[in-house]
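Have a look at the structure below, then the notes.
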Amino acid sequence: AQSVTQLDSHVSVSEGTPVLLRCNYSSSYSPSLFWYVQHPNKGLQLLLKYTSAATLVKGINGFEAEFKKSETSFHLTKPSAHMSDAAEYFCVVSGAGGYQKVTFGTGTKLQVIP
Amino acid sequence: KAGVTQTPRYLIKTRGQQVTLSCSPISGHRSVSWYQQTPGQGLQFLFEYFSETQRNKGNFPGRFSGRQFSNSRSEMNVSTLELGDSALYLCASSLGGRGPNATNEKLFFGSGTQLSVL
């Protein structure tokens with residue numbers, strides 16, 4: 001079985017300060033891990049994905065995530081938040097066995113305060 | 001390149017009715033997957049189609065069905081609607097060529113169809 005836990009349902013940061021969105025996973029396989037972002041009334045957009053090539057993954061819009069196998073974590077970070085980063089972020093894990101093995105986290109809503 | 005297009009954007013139905021949602025994938029993409037998003041359950045996988053065949057299926061009742069056409073466009077149908085079917089239904093497309101177990105592909109999502117069941 002596999003699962004993904006996003007540790008914070010809401011995160012609030014001031015513009016220009018660092019962002020940390022936390023994600024822990026469990027998987028019987030070597031998983032693929034993703035972060036997607038969803039802006040209001042929009043579909044999901046891929047920020048980045050990890051597929052075992054490198055533990056530090058750089059994505060779009062200045063986001064990056066580090067895969068830590070020992071901690072079963074895949075936290076999303078950004079050095080400096082921008083107002084346009086306000087959205088909901090989903091951590092996703094997928095393992096072998098088809099799309100039914102794609103598991104979405106419950107989401108973290110990021111608020112950016114001017 | 002045009003993105004993933006879902007129609008209609010909003011839909012209001014009453015209990016017992018049926019509904020059909022449409023998804024046009026990115027040109028060249030042969031895999032279309034469908035997801036239900038609700039505040040309580042989050043995002044849940046419904047099914048995935050590739051080359052007009054259902055390759056993967058989630059844990060939803062048989063009232064939820066789908067199909068894919070030769071141009072890769074996909075439709076999702078929900079029969080005998082229940083109040084709990086109110087949700088945002090998202091579809092995503094990908095190349096899909098690595099096979100049914102290759103779930104590490106980048107998914108491109110549409111903006112969704114917001115279904116309200118009264």
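By convention in this document, chain letters (A, B, ...) are assigned in the order of the sequence lines, proteins followed by strands, and residues within each chain are numbered from 1.
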Please flag which part of B:Gln37 lies under 4.5 Å from any non-hydrogen atom of chain A: side chain, backbone, both or neither. side chain
Any donor-acceptor pair under 3.5 Å linking the side chain of B:Ser31 with the backbone of B:Leu95? no
Atom CG of B:Asn59 with >12 non-hydrogen neighbours under 6.0 angstrom: no
Parallel, tilted or perpendicular: which fits the ring planes of A:Tyr36 and A:Phe104, with parallel below 30° and perpendicular above 60°? tilted
For B:Gln6 and B:Ser111, which I'm curious about, is there any donor-acceptor pair between the side chains at under 3.5 Å? no
Between CG on residue A:Leu7 and SG on residue A:Cys91, distance to nearest 0.5 Å: 9.5 Å
Distance-only polar pair, side chains of B:Glu48 and B:Ser33, donor-acceptor under 3.5 Å: no
Taking atom types as modelled, find out whether B:Ser51 and B:Arg30 have a side-chain donor-acceptor pair closer than 3.5 angstrom. yes
Proximal component of A:Tyr50, with respect to chain B [non-hydrogen, under 4.5 Å]: neither
Which residues in residues 77-93 of chain B have any heavy atom lying under 4.5 Å from a heavy atom of chain A? B:Leu88, B:Leu90
